[in-house]
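As structure tokens, the structure follows; a few thoughts come after it.
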Amino acid sequence: MVRKAVFPVAGLGTRFLPATKAMPKEMLALVDKPLIQYTVEEALASGIEVAVFVTGRGKRALEDHFDRSWELEYKLEHSGKEDLLREVRKVSEMIEVIYVRQGMPLGLGHAVLRARNAVGNEPFAVILSDDIVDAETPCLKQLLEVYERFNAPVIALKRVPDEEVSRYGVVQGKLIEDRVFLIEDMVEKPSVDEAPSNYAVIGRYVLTPDVFDKLEKVEPGIGGEIQLTDALREMAKEGPFYGVVFEGEHFDCGNKLGFLKATVHFALKRQEFKMEFLDYLRTLVL
Ligand code: UTP
């Protein structure tokens, strides 16, 4: 049983400066819901019971978001705004959260390693809130279904065009059944010529606790960063290690264009202003 999900949220979010100077990137909202809430909801819908947030300096807004806000609740209650009150309370009761700190943002691998004690000796998920997936079956759930069958680590894959491979970690492996790869190796941000495939790693992972021992041994790279990919490569070499080409629409909200596309996508799903927004978009196209 995978009960815990680690949410590394200690990065500096430099691609969104100045918006992220005093506000966590993960609190940027698509329409009216912060990125982190989309991914926590995905975890819940996938059966996760405990969230481990790896936070850092300037991330207090994240803690407040998942906590009670009694002054706000009092105000909403006394002004008869029942719907909003329910929304606000729902977030604070959503999931049990354990907070650990990453003193310095020394890479994704380092952030995951900080969660070691909170996770303990059990399989766990890692979710990057930059990667938003709108899917009928939650993306993490699709991974967990494969994990349950094979009892080995599983990561999320997306087929990307040649011109995009250099932005991602790309896997080398064999397709063993519909949408499932047995992964042998992976390359971080390869050029088109070096890329072993067009299948890119997206921010959803189901990992076994041996990843922590691997992370302890990873040598820091550029800027002292410890990369999760290095530990995953080790695991893939020892195998078995799987990848799932998930079904659903993915948005890379860690970059501005991806974030804008996601905003339009989720705005068009809102019945209350869908038509008006569509009319507006049409005027732009014309
Ligand atoms: P990114 O690579 O997107 O880095 O991290 P970033 O700092 O958030 O953003 P940019 O590149 O400066 O714009 C992917 C995820 O890993 C977390 C981030 O918070 C993000 O959710 N992360 C990254 C950490 O928790 N710690 C780190 O040291 C690095």
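In what follows, residues are counted from 1 in the order of the sequence shown. Whatever order the structure lists them in is the order used to number ligands and atoms, beginning at 1.
Residues Ser191 and Asp193 bring no donor and acceptor atom of their side chains to less than 3.5 Å of each other. Defined by atom type and a distance below 3.5 Å, a donor-acceptor pair is present between the side-chain atoms of Glu188 and Thr229.
Under 4.0 Å from ligand 1, heavy atoms of Pro105 appear from its side chain as well as its backbone. In Val9, the part holding a heavy atom less than 4.0 Å from any atom of ligand 1 is the backbone. Contacts of Lys25 with ligand 1, taken as heavy-atom pairs under 4.0 Å, involve the side chain alone. Within the 4.0 Å heavy-atom criterion, the part of Gln102 lying near ligand 1 is the side chain and not the backbone.
For atom 12 (O) of ligand 1, the closest heavy atom belonging to the protein is Thr14 OG1, 2.6 Å. Considering only non-hydrogen protein atoms, atom 25 (O) of ligand 1 sits nearest to Ala10 N, 2.8 Å.
Annotation: Arg57, atom CZ; neighbour count of heavy atoms from other residues, nucleotides and ligands within 6.0 Å does not exceed 12. For Lys81, the NZ atom is loosely surrounded, since the number of other residues' heavy atoms within 6.0 Å does not exceed 12.
In terms of polar-atom proximity, defined here as any N/O pair under 3.5 Å, Leu12 does make such a contact with ligand 1. Among the atoms of Arg15, some N or O lies under 3.5 angstrom from an N or O of ligand 1. Inclusion of Leu128 in the set of residues having an N or O under 3.5 Å from an N or O of ligand 1 is not warranted. Considering backbone and side-chain N/O atoms, Gly107 comes within less than 3.5 Å of an N/O atom of ligand 1. Looking at ligand 1, you'll find an N or O of Leu106 within less than 3.5 Å of one of its N or O atoms. Not one N or O of Leu108 is nearer than 3.5 Å to an N or O of ligand 1, by distance alone.
Distances shorter than 4.0 angstrom do not occur between any heavy atom of His110 and any atom of ligand 1. Using a 4.0 Å heavy-atom cutoff, Glu26 is listed among the residues neighbouring ligand 1.
Using a 4.0 Å cut-off to heavy atoms of Ala111, the atoms of ligand 1 that qualify are 24 (C), 25 (O), 26 (N). Numbered from 1 in the order shown, with element, the atoms of ligand 1 that lie under 4.0 Å from a heavy atom of Asp130 read 3 (O), 14 (C), 20 (C), 21 (O).
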> After noting the C-alpha distance and the side-chain angles of Val160 and Val165, does the key distance pass the side chain to side chain contact (heavy atoms under 4.5 Å, CB included) rule?
Replying inline: CA-CA 7 Å; Val160 296; Val165 286; 3.9 Å; yes

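The nearest non-hydrogen atom to atom 23 (C) of ligand 1, considering only Pro8, Gly254, Gly11, comes from Gly11.
In this structure, Tyr99 and Leu62 approach most closely via the heavy-atom pair OH-O, 4.2 Å.
At a threshold of 4.0 Å, the pair Arg204-Glu42 counts as salt-bridged, since one of the basic side-chain nitrogens sits closer than that to a carboxylate oxygen. A salt bridge links Glu177 with Arg149: the closest approach of a Lys/Arg side-chain nitrogen to an acidic carboxylate oxygen falls below 4.0 angstrom.
Using bins of under 30°, 30° to 60° and over 60° for the plane-to-plane angle, the ring pair Phe66/Phe53 lands in the perpendicular bin. Aromatic ring orientation, Phe277 versus Tyr280: parallel (interplanar angle below 30°, classes split at 30° and 60°).
No continuous path of hydrophobic side-chain contacts links Val187 to Val171 [ILVMFWY only; heavy atoms under 4.5 Å].
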